[in-house]
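Below you'll find the structure, written out as structure tokens, and then a few comments.
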Amino acid sequence: MKLALSPDEVTFRDELREFYRTKIPAEIRDRVKYGRELAREDIVTTHRILNEHGLAVPKWPVQWGGQGWSPMQLHIWEDEMQLASVPEPLTFNAQMIGPVIAQFGSEELKQRFLPPTANLDIWWCQGFSEPDAGSDLASLRTTAVRDGDSYIVNGQKIWTTLAQYADWIFCLVRTDPNAKKQAGISMLLFDVNTPGVTIRPIKLIDGHHEVNEVFFENVRVPADQLVGEENMGWTYAKFLLGNERTGITGVGRTKVKLGLAKEYATRTKSGGGTLMDDPVFAARVAELENELLALELTLMRVVSQPLDGKPNPASSVLKLRGTELQQAATELLMDIAGPDALPVHAADIASPEWAQITGPTYLNYRKTSIYGGSNEVQRTIIASTILGL
């Protein structure tokens, strides 16, 4: 495997680096870097700037906004974006439903949905998990019964991220109740403002409203908003989750967190020096950096070996290890903050803002080893499809 960039790739990297740092508003990038909450407008603004310059959906087919880049160019595009603390194109659009429609949708679905999906004119949310079907997603019970030119949808989804901002949902439903688990699942697209759809917020342990419950009561969905074929939704879901798990890796994001950790540690007094002078702490940082480098090399191997649109089981390795290192980085930051991490968003005390953010961030990142398929599920996939156990 090639470890050094070619001269053309260096030029490509430098052009992206310059673009991200000059065309994306600095105040938005600072909010990302320092862990402050983004508004919906921040995400839309950034996504549309990227799309205007062909940088929102470069992995898509060229006719729908893709760039036809090499795997290394795609890696550089994503890595430099994360290193510059640019909000990445909305995952639900760019990494999830867009590629699914491009790969499996009818020509009519592509014409109708791909351009507004690329430009974030439609904000999508993901209707997969249910109260009794999270890690065992194939046990989902939301039903869709054919009624003439429509499906009638009834059921419930949970942990639906940013549904409060969404315009449409891509939803897994059971269309054949008599089929075995995966065999009877389909994927439908519909407007969240359709009569019968109710969205309720869930307040998370970090105090934020990020996820939701979504209820469906006799929701009428036009049959032409079925993705691909009826009862083939599990195939499309596996394709989608393969893309999600690769994107979850977040090497660049974790590098930024480790950089901040070192910066804060050099300001934190410990004994006769700073925390970075403590050999035990320095060794902990060095170990994380080495593990992150190993993950980055694994990521480069995976992205440079496309499997003709089929899910790559190695994406489970990336998801598993990537989320573990993200959690390790947030734990490191909270340890540096120490007691200053306990107050949250308290302006009238001496605890610095960065320290107050570390506690909620640590708590929020507990989710990363669950979404996209829990890490326990990823270990099972690795054991069966890679190790052959």
(request) State whether the side chain of Y236 and the backbone N or O of I97 hold a donor-acceptor pair below 3.5 Å, judged by distance alone. (result) no
(request) For the residue pair F170 and F92, categorise the inter-ring angle as parallel (less than 30°), tilted (30 to 60°) or perpendicular (more than 60°). (result) tilted
(message) Between D8 and T11, does the side chain to side chain donor-acceptor pair (under 3.5 Å) criterion hold? Intermediate values first, please.
(response) CA-CA 5 Å; D8 286 344; T11 300; 5.3 Å; no
(request) Dump the intermediate steps for ring-ring contact (aromatic ring centres under 6.0 Å, His included) on W69 and F12, then the final yes or no. (result) CA-CA 11 Å; W69 285 340; F12 178 78; 5.0 Å; yes
(message) With a 3.5 Å distance limit and no angle check, can you tell me whether N93 reaches the backbone of W124 through a side-chain donor-acceptor pair?
(response) yes
(request) Please report the C-alpha distance between R21 and E80 in whole Å, then the side-chain angles of each, then the deciding distance to 0.1 Å, and finally whether the side-chain contact (heavy atoms from CB on, under 4.5 Å) criterion is met. (result) CA-CA 10 Å; R21 286 164 173 78; E80 289 298 327; 4.3 Å; yes
(message) Quick check on the hydrophobic clustering: are V44 and V57 connected, directly or via other members, by side-chain heavy-atom contacts under 4.5 Å?
(response) yes
(message) Quiz question: by atom type and distance under 3.5 Å, do the side chains of D136 and S139 form a donor-acceptor pair?
(response) yes
(request) Determine yes or no for a side-chain-to-main-chain donor-acceptor pair under 3.5 angstrom, with K157 supplying the side chain and F128 the backbone. (result) yes
(message) Checking the side chain of T45 only, and the main-chain atoms of D42 only, is there a donor and an acceptor separated by less than 3.5 Å?
(response) no
(message) Counting neighbours of CH2 on W159 that are heavy atoms of other residues, nucleotides or ligands and sit closer than 6.0 Å, is the number greater than 12?
(response) no
(request) Using distance alone, with no hydrogens and no angle criterion, decide if Q156 and E130 have a side-chain donor and acceptor under 3.5 Å apart. (result) no
(message) Starting from F19, can I reach I76 by hopping between I/L/V/M/F/W/Y residues whose side chains sit under 4.5 Å apart?
(response) yes
(message) Quick one, R200 with I202, criterion side-chain contact (heavy atoms from CB on, under 4.5 Å). Give me CA distance, side-chain angles, the key distance, then yes/no.
(response) CA-CA 7 Å; R200 295 180 186 170; I202 299 173; over 6 Å; no
(request) Measure from the side-chain N and O atoms of H209 to the backbone N and O of Q164, and report whether any donor-acceptor pair falls under 3.5 Å. (result) no
(request) Tell me who clusters with I382, hydrophobic residues only, linked when side chains sit under 4.5 Å apart either directly or through other members. (result) V317, L320, I386, L387, L389
(request) For residues T358 and T330, determine if any side-chain heavy atom of one lies less than 4.5 Å from a side-chain heavy atom of the other. (result) no
(message) Can you tell me how far apart CG (D224) and OG (S106) are? Round to the nearest 0.5 Å.
(response) 8.0 Å
(message) So does Y165 get a backbone contact from the side chain of R40, meaning a donor-acceptor N/O pair under 3.5 Å?
(response) yes
(request) Could you check if a side-chain atom of L74 sits within less than 4.5 angstrom of a side-chain atom of Q67, using non-hydrogen atoms only? (result) no
(message) Strictly distance-based, threshold 3.5 Å: is any side-chain N or O of N119 a donor or acceptor partner for the main-chain N or O of D121?
(response) no
(request) Please step through ring-ring contact (aromatic ring centres under 6.0 Å, His included) for the pair Y264 and W354, ending with a clear verdict. (result) CA-CA 9 Å; Y264 297 146; W354 72 263; 3.9 Å; yes
(request) Tell me yes or no: between the side chains of T368 and T323, is some donor less than 3.5 Å from an acceptor? (result) no
(request) May I ask you to say whether E9 pairs ionically with R13, meaning some side-chain N is under 4.0 Å from a carboxylate O? (result) no
(message) Ignoring hydrogens, what is the shortest heavy-atom contact between Q225 and L189? Give both atom names and the distance.
(response) NE2-O, 2.7 Å
(message) If you compare all heavy atoms of N364 against all heavy atoms of E210, which two are closest, and at what distance to 0.1 Å?
(response) ND2-OE1, 3.0 Å
(request) Answer yes or no: is there a side-chain heavy-atom contact under 4.5 Å between R321 and T298? (result) no
(message) Just by distance, no angles: are the side chains of T160 and N212 close enough, under 3.5 Å, to form a donor-acceptor pair?
(response) no
(message) Using only atom types and a distance under 3.5 Å, with no angle test, would you say the side chain of H47 pairs donor to acceptor with the backbone of L90?
(response) yes
Using a 3.5 Å cut-off and no angle test, enumerate the donor-acceptor pairs between side-chain atoms of residues 214-221 and protein atoms at least two apart in sequence or in another chain.
residue	atom	partner	partner atom	Å
N218	OD1	N154	ND2	3.1
R220	NH1	D147	OD2	3.2
R220	NH2	D147	OD2	2.9

(request) Quick one: pull up CG in N290 and CG in L295 and give me the separation to the nearest 0.5 Å. (result) 12.5 Å
(message) Can a side-chain donor-acceptor contact be found between E230 and Y151 if the only test is distance below 3.5 angstrom?
(response) yes
(request) Assign the ring pair F239 / F104 to parallel, tilted or perpendicular, where the plane angle (0 to 90°) is split at 30° and 60°. (result) perpendicular
(message) Heavy-atom count check: over 12 atoms from other residues, nucleotides or ligands less than 6.0 Å from R146 CZ?
(response) yes
(message) Would you say L16 ends up clustered with L83 if hydrophobic residues are merged whenever their side chains have heavy atoms under 4.5 Å apart, either directly or through other cluster members?
(response) no
(request) Could you please spell out the steps behind the salt bridge (Lys or Arg N to Asp or Glu O under 4.0 Å) verdict for K33 and E263? (result) CA-CA 13 Å; K33 179 176 180 179; E263 177 186 332; 5.2 Å; no
(request) Please say whether the positively charged group of R366, taken as NZ for Lys or CZ for Arg, lies over the ring of Y362, i.e. under 6.0 angstrom from the six-membered ring centre and within 45 degrees of the axis. (result) yes
(message) Counting C-beta onward and ignoring hydrogens, is there a side-chain heavy-atom pair between L292 and T254 closer than 4.5 Å?
(response) yes
(message) What I want to check is whether the side chains of Q82 and E88 have a donor and an acceptor closer together than 3.5 Å.
(response) yes
(message) Can a side-chain donor-acceptor contact be found between Q327 and S369 if the only test is distance below 3.5 angstrom?
(response) yes
(message) In the structure I gave you, are the side-chain heavy atoms of W123 and I43 within less than 4.5 Å of one another anywhere?
(response) yes
(message) Less than 4.5 Å apart, side chain to side chain, heavy atoms only: is that true for T143 and V173?
(response) no
(message) Is it the case that atom NZ in K262 sees more than 12 heavy atoms from other parts of the structure closer than 6.0 Å?
(response) no
(request) Provide the closest heavy-atom pair for L109 versus L226 in the form atom of the first, atom of the second, distance. (result) CD1-O, 3.4 Å
(message) Would W64 and T117 count as a side-chain contact (heavy atoms from CB on, under 4.5 Å) here? Give the steps.
(response) CA-CA 10 Å; W64 299 113; T117 297; over 6 Å; no
(message) Which heavy atom of L172 sits nearest to which heavy atom of A237, and what is that distance?
(response) CD1-CB, 3.9 Å
(message) Nearest 0.5 Å, please: how far is CG in L240 from CD in Q103?
(response) 12.0 Å
(request) Mind checking the CG-OG spacing from L275 to S270? Nearest 0.5 Å is all I need. (result) 5.5 Å
(message) Using side-chain heavy atoms (C-beta onward) and a distance below 4.5 Å, is E37 in contact with R31?
(response) no
(message) Between E353 and R36, does any NZ, NE, NH1 or NH2 come within less than 4.0 Å of an OD or OE carboxylate oxygen?
(response) yes
(request) Taking S70 for its side chain and Q73 for its backbone only, find out whether a donor-acceptor pair lies under 3.5 Å. (result) yes
(request) Nearest 0.5 Å please: distance from the CD1 atom of I357 over to the CG atom of L333. (result) 10.5 Å
(request) Please round to the nearest 0.5 Å and tell me the distance separating atom CG of D340 and atom CE of M334. (result) 13.0 Å
(request) Take I199 and E213, measure what side-chain contact (heavy atoms from CB on, under 4.5 Å) needs, and give me the verdict at the end. (result) CA-CA 6 Å; I199 298 173; E213 295 177 287; over 6 Å; no
(message) For I49 versus P25, what's the shortest heavy-atom pair and its separation?
(response) CD1-CD, 4.0 Å
(message) I need the minimum non-hydrogen distance between W60 and A94, along with the two atoms involved.
(response) NE1-O, 2.9 Å
(request) For residues T161 and C125, determine if any side-chain heavy atom of one lies less than 4.5 Å from a side-chain heavy atom of the other. (result) no
